[in-house]
S.K.: 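I have a structure here, written as structure tokens, and I will follow up with some questions on it.
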Number of protein chains: 2
Amino acid sequence: MAVATKRSFMLDEQGCDVSEWDAGNCPVRDVIERISGKWSTLILEALAEKPYRFGELRRLVPDISQRMLTQTLRDLQRDGYIDRKVFPTKPPSVEYSMTALGHSLFEPLLKVLQWAAANHHSVKAARARYDESDMA
Amino acid sequence: MAVATKRSFMLDEQGCDVSEWDAGNCPVRDVIERISGKWSTLILEALAEKPYRFGELRRLVPDISQRMLTQTLRDLQRDGYIDRKVFPTKPPSVEYSMTALGHSLFEPLLKVLQWAAANHHSVKAARARYDESDMA
DNA sequence: TATCCCTAGTCTCTTTTTGAGACCATAAAT
DNA sequence: ATTTATGGTCTCAAAAAGAGACTAGGGATA
């Protein structure tokens, strides 16, 4: 990485200047706070593959509550990452699919997920070290 | 992206098989849940630039509470992303710095932050569309 | 000298968020 | 007649986060 010369070192001028990191005026925070929930990446990871229906997602992520699944899907839809289509069957079924914006976000996001998969052992090791030291 | 043929389509076999997404056995979730907090990326972004002391970080992220700053720093330290060094001055000062593992994580993470900076307008637009439609 | 501020936190109290589970209508299958 | 499935909403309890007081010891200020 290049040497940092100014505060907002790695983001362009639209980015988040460290000296003005208040919630309101930071675009990065505005975007990140939505996708950094406990469930968001999980849902995005699923829908990046193919569209799913509500119940399918629920079964895919067994330990999410219906309440949080609903809310997470709403939030992701509101920010434009996923689409919600209702089919007027009886009972009506609902299909969630990833938008172009969602796929575009998922590209860099996938890199992080891959990093997580590749470096899980290092993190576990660090955790074990921490817990066995007197820091714990 | 290549066509997905199996469930854990984009992660290697150490990754997170969608059919076994329970919290316990998914390495990706284990790693992601830590760095996906409201404050984690903010702190990582700061420390990626250079080491900072507790009070400096607090001033950098004005709306974090001391309580959450302490906790976030502890979590990041436990997972091996940052180092905590105490200087026995009076009063003692504490410096937080990013480890090699932290920098390695920050590389893909930066891509996401850059995406956020670049696409903030699209997200805002999507939000406005959603809020003005009858979905809200 | 009395007061205040600085350091990096912790402790308590309140508010917000999340989780668990019941409940909804409708229609088909058992 | 009861169960199953659809995609949710509603309520209540539990967990997490936010606000602010408090700590100690030394330096600066009044």
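Reminder, nothing fancy here: chain letters follow the sequence lines and each chain counts from 1.
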S.K.: Would you please name every residue forming a side-chain hydrogen bond (donor to acceptor under 3.5 Å, both in side chains) with A:S104, sequence neighbours left out?
M.R.: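 Here the qualifying residues are B:W115.
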S.K.: Please identify the 5'-most and 3'-most nucleotides of DNA chain C with any atom under 4.0 angstrom from a heavy atom of chain A.
M.R.: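 Listing 5' to 3', DNA chain C meets chain A from C:dT18 to C:dA27.
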S.K.: What string of B, S and - do you get for nucleotides 3-21 of chain D, 5' to 3', when a contact is any protein heavy atom under 4.0 Å?
M.R.: ---BSBB-B-----BBB--
S.K.: Sequence neighbours excluded, which residues qualify as side chain to side chain contact (heavy atoms under 4.5 Å, CB included) partners of B:K111?
M.R.: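 By the side chain to side chain contact (heavy atoms under 4.5 Å, CB included) rule, B:K111 matches A:P108, B:Q114.
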S.K.: In degrees rounded to 10°, what angle is found between the helical axes fit to the five outermost pairs at each end of the helix from C:dA8-D:dT23 to C:dT30-D:dA1?
M.R.: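 That helix gives 30° between its end axes.
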S.K.: Test A:L44 against A:L109 for side-chain contact (heavy atoms from CB on, under 4.5 Å), laying out the working first.
M.R.: CA-CA 9 Å; A:L44 288 176; A:L109 193 56; 3.9 Å; yes
S.K.: Suppose we screen for side chain to side chain contact (heavy atoms under 4.5 Å, CB included). Which residues come up paired with A:R84, at least two apart in sequence or across chains?
M.R.: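 Testing A:R84 for side chain to side chain contact (heavy atoms under 4.5 Å, CB included), a comparison that skips the adjacent residues, returns A:R74, A:Q77, A:V86, A:V94, A:Y96.
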S.K.: With B:K124, which residues qualify under side chain to side chain contact (heavy atoms under 4.5 Å, CB included), at least two apart?
M.R.: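 Partners of B:K124 under the side chain to side chain contact (heavy atoms under 4.5 Å, CB included) test: A:D30, B:H120.
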S.K.: Using the side-chain hydrogen bond (donor to acceptor under 3.5 Å, both in side chains) criterion, which residues pair with B:W39? Sequence neighbours excluded.
M.R.: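 Once residues adjacent in sequence are excluded, B:W39 has no partner under the side-chain hydrogen bond (donor to acceptor under 3.5 Å, both in side chains) criterion.
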S.K.: Who pairs with B:E107 by side chain to side chain contact (heavy atoms under 4.5 Å, CB included), at least two apart in sequence or on another chain?
M.R.: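 So B:E107 forms no side chain to side chain contact (heavy atoms under 4.5 Å, CB included) with any residue.
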S.K.: Looking at B:R58, I'd like to know if its CZ atom is crowded, meaning that more than 12 non-hydrogen atoms belonging to other residues, nucleotides or ligands lie closer than 6.0 Å.
M.R.: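 For B:R58, atom CZ is not crowded (no more than 12 foreign heavy atoms under 6.0 Å).
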S.K.: Only counting residues at least two apart or in another chain, list the ones meeting salt bridge (charged side-chain N to carboxylate O under 4.0 Å, His left out) with B:R34.
M.R.: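 In terms of salt bridge (charged side-chain N to carboxylate O under 4.0 Å, His left out), with neighbours along the sequence ignored, B:R34 is linked to B:D79.
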S.K.: After noting the C-alpha distance and the side-chain angles of B:D63 and B:K38, does the key distance pass the salt bridge (Lys or Arg N to Asp or Glu O under 4.0 Å) rule?
M.R.: CA-CA 11 Å; B:D63 54 342; B:K38 183 177 177 183; 5.9 Å; no
